[in-house]
Amino acid sequence: MNPEQPPQAPDDDGRDTRGTPVGRRVFLGTLALGALGVAAAPTLQRGLESFLAGASDKDPTGLTGLLPNGGGFRYYSVTSSVPKKNADTYRLTVDGLVDRPTTYTLAALKALPQTRMVQDVQCVTGWRVPDTPFEGVRLSRLLDAAGVRSSAGAVRFTCFDGAYSESLTLDQARRADVLVALRMRDEDIGHAHGGPARLYVAPMYFYKSAKWLSGITVTEDVEPGYWEERGYDIDAWVGRSNGRDDEPTS
Ligand SMILES: Nc1nc2c(c(=O)[nH]1)N[C@H]1C(S)=C(S)[C@@H](COP(=O)(O)O)O[C@H]1N2
Ligand SMILES: [Mo]
């Protein structure tokens, strides 16, 4: 594990503190990590990680965010464990209101043209990771290949953690900055960050970027995703949603 602290952090009301001193919550987190680093063996740390991951479905802004994950990322999962998938076992299905339902292997996804983008990652709870490369297949390409029917208006995403879901309108899903990402920070996406494939919705808060992506279903209407059923905005534009409308977007 990399004990590096996130460059950006939420303060106590969860607002971005770019350019201001580190907030109290992060200070406490640093103390907790320091103690952890000295006292805990790797196995204990892993146990704590799954415990904290379990706690996250009660408090998305909570303890999970204290774990060091390298490069400023926090590790989030709403489930306490997630099965591992590799190049042999991973499948991504595209179905619903399409003419040609399709199942992709990882190799099939890798064989398609890849798009690389570098933007800031922004979690709605306040932490931000600047200039993060993501690379993968444009979602629009998979939708076009499947042949979206005229009755369709939205896309729903499901995950092999068995719990998380997300959704976009069809217009949002067709944006050029929405990817089925296979690489993050110029490495294959590891299990902790939703590998082998996760959704990447660049212009929206990071909860839209569903990890462990296994299903893309074209639907008539948007169905609220996991966090959206728990009060977060469905249209999660960074700086223009979730009560941040008053903040500068730059
Ligand atoms: N399947 C799944 N995807 C998910 C989540 C999750 O708990 N499960 N958390 C979301 C949230 S709130 C954030 S901030 C990012 C965190 O991604 P990371 O763990 O790679 O930092 O994943 C998003 N996608
Ligand atoms: Mo998040």
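Hydrophobic clustering, with ILVMFWY side chains joined whenever heavy atoms are under 4.5 angstrom apart, groups Val124 together with Val78. Note on Val129 and Phe206: same hydrophobic cluster, where clusters join Ile, Leu, Val, Met, Phe, Trp and Tyr whose side-chain heavy atoms are under 4.5 Å apart, directly or indirectly. Hydrophobic clustering places Leu170 together with Val201 (ILVMFWY residues linked when any side-chain heavy atoms are closer than 4.5 Å, directly or through intermediates). By the criterion of side-chain heavy atoms lying less than 4.5 angstrom apart, applied directly or through intervening Ile, Leu, Val, Met, Phe, Trp or Tyr residues, Leu109 is grouped together with Leu213 in one hydrophobic cluster. No continuous path of hydrophobic side-chain contacts links Ile234 to Trp237 [ILVMFWY only; heavy atoms under 4.5 Å].
For Ser165 against Pro224, the heavy-atom pair with the smallest separation is OG-O, 4.4 Å. Residues Val94 and Ala146 approach most closely at CG1-CB, 3.8 Å, considering heavy atoms. Taking both residues in full, the closest heavy atoms of Leu143 and Val148 are given as O-CG2, 3.6 Å, listed atom of the first, atom of the second, then distance. Asp120 and Pro130 make their closest contact through OD1-CA, 3.2 Å (heavy atoms, listed as atom of the first residue, atom of the second, distance). Nearest heavy atoms, Met117 versus Ala176: SD-O, 4.2 Å. Minimum heavy-atom separation, Ala181 to Ile189: O-CD1, 3.4 Å.
Tyr164 has its side chain within reach of Trp227: a pair of non-hydrogen atoms, C-beta onward, lies under 4.5 Å apart. No side-chain heavy atom of Met184 sits under 4.5 Å from any side-chain heavy atom of Pro133. Between Leu168 and Val222 there is no side-chain heavy-atom pair separated by less than 4.5 Å. With contacts defined as side-chain heavy-atom distances shorter than 4.5 Å, the pair Val137/Thr115 does not qualify. Here the side chains of Val121 and Arg128 are not in contact, with every heavy-atom distance at 4.5 Å or above. Using a 4.5 Å cut-off on side-chain heavy atoms (C-beta onward), Arg149 and Val218 make no contact.
Residues that satisfy the salt bridge (charged side-chain N to carboxylate O under 4.0 Å, His left out) test with Glu223, not counting sequence neighbours, are Arg156.
When atom types are taken as modelled, the side chain of Asn242 and the backbone of Arg244 share no donor-acceptor pair closer than 3.5 angstrom. Looking at Lys110, its side chain never comes within 3.5 Å of a backbone N or O of Gly136 through a donor-acceptor pair. A donor-acceptor pair is defined here as one N or O able to donate and one able to accept, closer than 3.5 Å; no such pair exists between the side chain of Tyr76 and the backbone of His193. A distance-only check finds a donor-acceptor pair linking the side chain of Gln114 to the backbone of Leu112 [under 3.5 Å]. In this structure, the side chain of Asp131 does not engage the main chain of Gln119 through any donor-acceptor pair within 3.5 Å. At least one donor-acceptor pair closer than 3.5 Å links the side chain of Arg198 to the backbone N or O of Ser209. In terms of modelled atom types and a separation under 3.5 Å, the side chain of Trp212 and the main chain of His191 share a donor-acceptor contact. Using a distance-only test at 3.5 Å, with no hydrogens or angles considered, no donor-acceptor pair links the side chain of Thr217 to the main chain of Gly215. Side-chain N or O atoms of Asn86 include one that pairs as donor or acceptor with a backbone N or O of Thr89 at under 3.5 Å.
A distance of 15.0 Å separates OH of Tyr104 from OG of Ser214, quoted to the nearest 0.5 Å. With values rounded to the nearest 0.5 angstrom, Glu166 atom CD is found 7.0 Å from Tyr207 atom OH. Distance check, rounded to the nearest 0.5 Å: CG of Leu182 to CG of Leu106 gives 6.0 Å. To the nearest 0.5 Å, the span separating OG on Ser167 from CD on Glu228 amounts to 5.0 Å. From Leu179, atom CG reaches atom OG of Ser140 across 9.0 Å, with rounding to the nearest 0.5 Å. Leu139 contributes atom CG, which lies 12.0 Å from atom CZ of Arg141 (distance to the nearest 0.5 angstrom).
The environment of CD in Glu187 is sparse: at most 12 heavy-atom neighbours from other residues, nucleotides or ligands sit within 6.0 Å.
Under the 30°/60° scheme for interplanar angles, the aromatic rings of Tyr200 and Phe134 are found to lie parallel.
With Phe160 as the aromatic partner, Lys85 meets the cation-pi criteria of under 6.0 angstrom to the ring centre and within 45 degrees of the ring axis. For the pair Arg230 and Tyr232, the cation-pi test (distance below 6.0 Å, angle within 45°) is failed.
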Step by step, work out the side chain to side chain contact (heavy atoms under 4.5 Å, CB included) result for Leu142 and Val180.
-> CA-CA 9 Å; Leu142 301 183; Val180 171; 3.7 Å; yes
Step by step, would you call Tyr205 with Cys123 a side chain to side chain contact (heavy atoms under 4.5 Å, CB included)?
-> CA-CA 5 Å; Tyr205 287 111; Cys123 174; over 6 Å; no
Residue pair Met204, Val178: steps toward the side chain to side chain contact (heavy atoms under 4.5 Å, CB included) verdict = CA-CA 10 Å; Met204 295 195 181; Val178 175; over 6 Å; no
Does the side chain to side chain contact (heavy atoms under 4.5 Å, CB included) test come out yes or no for Ile216 and Val155, once each step is laid out?
-> CA-CA 7 Å; Ile216 297 173; Val155 185; 3.5 Å; yes
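Side-chain N/O atoms of Thr79 and Ser77 include a donor and acceptor closer than 3.5 Å. Side-chain contact of Gln172 with Asp235: a donor-acceptor pair under 3.5 Å is present, judged by distance alone. If you check the side chains of Tyr226 and Asp161, you find no donor sitting under 3.5 Å from an acceptor.
With respect to Asp177 and Arg138, no salt bridge is recorded, no charged nitrogen being found less than 4.0 Å from a carboxylate O. Here Arg185 does not pair with Glu135 in a salt bridge; the nearest charged N to carboxylate O distance is not below 4.0 Å.
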